[in-house]
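By convention in this document, chain letters (A, B, ...) are assigned in the order of the sequence lines, proteins followed by strands, and residues within each chain are numbered from 1.
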Protein chains: 2
Amino acid sequence: MAEAVNIKRLAQELNISIATVSKALNDSYEISLKTKNRVWDLARELNYTPNPAASNLRSNKTKTIAVVIPFVANNFFSLSIMGIEEIARQYGYHVLIYQTHENIEAEKAFTNSLLNGRVDGILTSVSSSEDNREYYANLVKKIPLVFFDRVYEDLDAVKVTTDDYEIAYQATEHLIDCGCTKIAYLFGLENLPAGKARFAGYLDALKAHGIAPSAELVVNYLDGEALNLEQIKKLLEKFQPDALFSSIEEFIIPAYCACREVGLQIPDDIKILSFSNLSTAKLLSPSLTTISQPAFEIGREAAKCLFKILHKKQLDDEQNIILKSVLIKRESTGC
Amino acid sequence: MAEAVNIKRLAQELNISIATVSKALNDSYEISLKTKNRVWDLARELNYTPNPAASNLRSNKTKTIAVVIPFVANNFFSLSIMGIEEIARQYGYHVLIYQTHENIEAEKAFTNSLLNGRVDGILTSVSSSEDNREYYANLVKKIPLVFFDRVYEDLDAVKVTTDDYEIAYQATEHLIDCGCTKIAYLFGLENLPAGKARFAGYLDALKAHGIAPSAELVVNYLDGEALNLEQIKKLLEKFQPDALFSSIEEFIIPAYCACREVGLQIPDDIKILSFSNLSTAKLLSPSLTTISQPAFEIGREAAKCLFKILHKKQLDDEQNIILKSVLIKRESTGC
DNA sequence: TTTAATTACGTAAACGTTTTCGCGTTACAG
DNA sequence: CTGTAACGCGAAAACGTTTACGTAATTAAA
């Protein structure tokens with residue numbers, strides 16, 4: 001604190017100009033190796049680190065990226081962040097985190113606050129509460145941005161997603177293979193391509209197997225665990241489905257509880273399957289069949305793409321990167 | 001991007017000096033309300049937002065805090081971050097996240113990189129792999145810092161923790177009340193006050209009930225799920241404990257698996273209890289009795305303390321804030 | 001030998017703010 | 001009418017970098 005060690009100080013001690021010091025620190029070709037070494041040694045000795053604000057101001061680079069997501073306390077997103085962090089660290093970048101809480105206004109406010117040079121780029125998984133497509137259509141023109149998992153289609157930006165349609169189709173077939181014919185669908189992310197693709201996979205699999213979909217068997221996600229519990233209990237009592245296909249993790253607890261409260265045995269009376277990155281899925285009672293998304297890899301991949309853009313490297317042809325999810329069969333689907 | 005809108009631009013359009021604009025934006029008493037309104041209106045119209053780098057450089061304030069934690073993909077920490085974020089947003093601060101992966105070198109490297117004015121303050125939960133006390137003893141002199149959950153004692157800094165000793169004592173008594181006399185301890189965070197306090201609570205409760213502790217019944221955490229599974233299986237086979245008291249969440253999966261593989265029924269043959277913030281604890285097979293820490297509140301409280309320090313408000317007397325954990329009894333302790 | 005190119009470094013401006021200091025105007029007391 | 005505040009604002013320096021440009025010394029080419 002006391003003895004501010006900055007470039008000027010280094011320059012004075014070494015009797016050279018601050019320009020030379022700056023260039024030496026940045027390993028410029030203009031500076032001789034001898035001088036560079038003198039600078040580097042003294043910098044290390046005095047524990048010099050460049051002032052980020054000054055550096056940002058002058059160079060217009062912050063070496064910082066922002067991650068804008070609905071929540072961090074969520075298995076998928078926290079794993080994604082781990083992947084992002086890993087790559088960011090490799091590149092020497094810092095990571096700012098913003099949670100939108102699925103609030104579209106917060107989402108706009110945060111991202112807007114990032115446009116004045118606070119960060120070099122943004123990684124985001126958009127809020128599902130409302131359609132915010134127009135906003136993002138504008139945003140992608142203003143700052144390097146990569147979408148992951150929750151994306152908007154047809155925007156001029158890189159998108160890292162998973163094979164939602166295919167895996168949902170495959171999962172539905174699994175339920176059918178297990179003898180289910182009345183498969184209820186717990187619908188989340190309805191406003192987003194991911195949610196629509198999952199639902200489409202479910203519907204198409206039903207049709208391919210000659211099962212007529214029924215709107216009565218579809219439950220839309222509501223905000224609040226208790227509400228969903230009520231919804232699912234009503235569903236179970238009124239329409240007696242023989243399976244629950246949950247498209248988002250948030251339905252798991254209410255689904256299990258609802259079955260218990262209604263007195264249904266899993267998987268004998270009803271089978272359950274859910275999109276989820278829960279590490280304890282195998283310990284649930286009974287263990288839960290899940291569609292597990294490669295959350296960590298999604299984070300890594302998205303971050304890699306962003307850094308390619310930031311470093312102006314040509315992106316390998318495609319703007320859409322699709323990773324594979326995996327269906328992990330466990331007791332809750334019982335076969 | 002094109003038409004950089006900055007203070008100079010505002011000043012030109014309004015035909016006043018940049019000093020006046022700056023002061024108006026900061027609501028200085030020196031400026032008349034009339035002028036302020038003109039500035040504010042134009043700023044809004046042109047979508048002006050101050051350049052953070054310039055502002056930071058001049059004022060030495062970043063409106064940014066850092067959170068340095070072992071992992072974000074962890075129920076406790078991700079909840080803490082939610083709490084921190086909530087408070088930070090109220091104060092208009094940005095949040096940088098750094099994961100140490102329990103690596104003491106990464107821990108030092110990150111925090112050192114924050115000392116050049118990148119952030120105004122730090123919130124941290126220290127790595128448990130080694131003792132890094134000396135480093136922090138120095139660090140707290142250089143930057144406002146608040147510890148939460150995983151702290152070092154006797155440092156001149158605010159510490160937000162939980163009642164580890166008391167709740168561990170209480171939990172052990174609960175196991176004893178359920179008839180257990182041979183209670184194994186799955187030991188984590190051994191290098192930290194939290195880990196030591198939990199263990200002490202366990203030991204003291206045993207003694208108070210006339211049960212002699214045994215070193216054979218203590219298993220230390222190893223890095224890697226498989227290793228812990230092996231350890232616990234050996235423990236079960238060699239010493240037949242009638243309860244497992246796990247001091248950290250990471251033991252839950254290996255503990256459950258070990259019991260299954262060895263053929264022990266929970267809670268009939270053996271009871272299990274663990275520190276944990278797992279939201280699915282009640283859905284496990286059988287549901288898990290947990291000590292649940294108020295993770296969200298810890299984050300909130302820690303952030304509040306940091307902002308008090310940053311705003312030079314006097315801290316209410318005490319440097320140690322202790323929140324209460326809660327013991328949630330479920331099937332795995334079966335009584 | 002002369003000229004051109006290269007190397008190694010310095011000067012100074014610039015990035016967009018904040019803030020100190022000073023100055024002119026108005027209001028009011030004496 | 002003069003002297004003194006108070007008010008409202010502007011000029012300019014400062015924060016610590018980066019970088020365009022200039023220049024002297026050395027080397028290579030002619």
Side-chain angles (χ1 to χ4, degrees), chain A residues 1-40 42-43 46-64 92 113-120, chain B residues 1-40 42-43 46-64 92 113-120:
Chain A
M1 294 276 199
E3 12 59 59
V5 36
N6 51 23
I7 275 198
K8 195 195 271 179
R9 168 90 181 278
L10 295 182
Q12 280 174 324
E13 307 241 340
L14 294 173
N15 256 321
I16 56 182
S17 77
I18 63 168
T20 305
V21 174
S22 174
K23 290 180 209 169
L25 289 171
N26 292 313
D27 203 11
S28 160
Y29 68 96
E30 292 184 46
I31 307 298
S32 70
L33 186 59
K34 192 178 145 197
T35 306
K36 281 181 186 171
N37 278 325
R38 292 207 321 148
V39 172
W40 291 338
L42 184 64
L46 297 186
N47 242 311
Y48 168 80
T49 58
N51 180 304
S55 179
N56 299 349
L57 176 59
R58 177 58 226 243
S59 64
N60 257 322
K61 306 255 166 280
T62 62
K63 288 232 140 200
T64 305
S113 82
L114 301 174
L115 294 179
N116 47 22
R118 184 175 293 276
V119 298
D120 297 344
Chain B
M1 293 275 202
E3 11 58 58
V5 38
N6 50 24
I7 275 197
K8 194 196 275 180
R9 167 90 182 279
L10 295 182
Q12 280 172 327
E13 308 241 340
L14 294 173
N15 256 321
I16 55 180
S17 77
I18 63 168
T20 305
V21 175
S22 174
K23 289 179 209 169
L25 289 170
N26 292 312
D27 203 12
S28 160
Y29 68 96
E30 292 182 47
I31 307 300
S32 71
L33 186 58
K34 190 178 149 197
T35 307
K36 281 181 187 173
N37 278 325
R38 290 183 57 212
V39 173
W40 291 339
L42 184 65
L46 297 186
N47 242 311
Y48 167 80
T49 57
N51 179 303
S55 179
N56 298 349
L57 177 59
R58 179 57 226 243
S59 65
N60 256 321
K61 306 252 165 279
T62 62
K63 287 229 143 204
T64 304
S113 83
L114 301 174
L115 295 179
N116 49 21
R118 183 174 294 276
V119 298
D120 296 344

Under a 4.5 Å cut-off applied to non-hydrogen side-chain atoms, are [X] and [Y] in contact?
X        : Y        : result
Leu46(B) : Leu10(B) : yes
Leu14(A) : Thr20(A) : no
Val39(A) : Ile16(A) : yes

Fill in: Minimum-distance pair of heavy atoms, taken over all atoms of Trp40(B) and Leu25(B)
NE1-CA, 3.9 Å
Item to complete: Could you list all the side-chain hydrogen bond (donor to acceptor under 3.5 Å, both in side chains) pairs where at least one residue sits in residues 21-31 of chain B, not counting sequence neighbours?
Response: Lys23(B)-Glu30(B), Asp27(B)-Lys36(B)
[X]: what forms a side-chain hydrogen bond (donor to acceptor under 3.5 Å, both in side chains) with it, not counting sequence neighbours?
X         : value
Thr49(B)  : Asn116(A)
Asp120(A) : Thr62(A)
Gln12(A)  : none

For [X] and [N], what is the distance between atoms [atom1] and [atom2] respectively, to the nearest whole Å?
X        : N       : atom1 : atom2 : value
Leu10(B) : dC9(D)  : CG    : C1'   : 16 Å
Gln12(B) : dG10(D) : CD    : P     : 13 Å
Lys34(A) : dA8(C)  : NZ    : C1'   : 11 Å

Practice prompt. Take nucleotides 16-25 of chain D nucleotide by nucleotide from the 5' end and write B, S or -, depending on whether a protein heavy atom sits under 4.0 Å from the base, only from the sugar-phosphate, or from neither.
Written response: BBBBB-----
Worksheet item: In degrees rounded to 10°, what angle is found between the helical axes fit to the five outermost pairs at each end of the helix from dT1(C)-dA30(D) to dG30(C)-dC1(D)?
Response: 50°
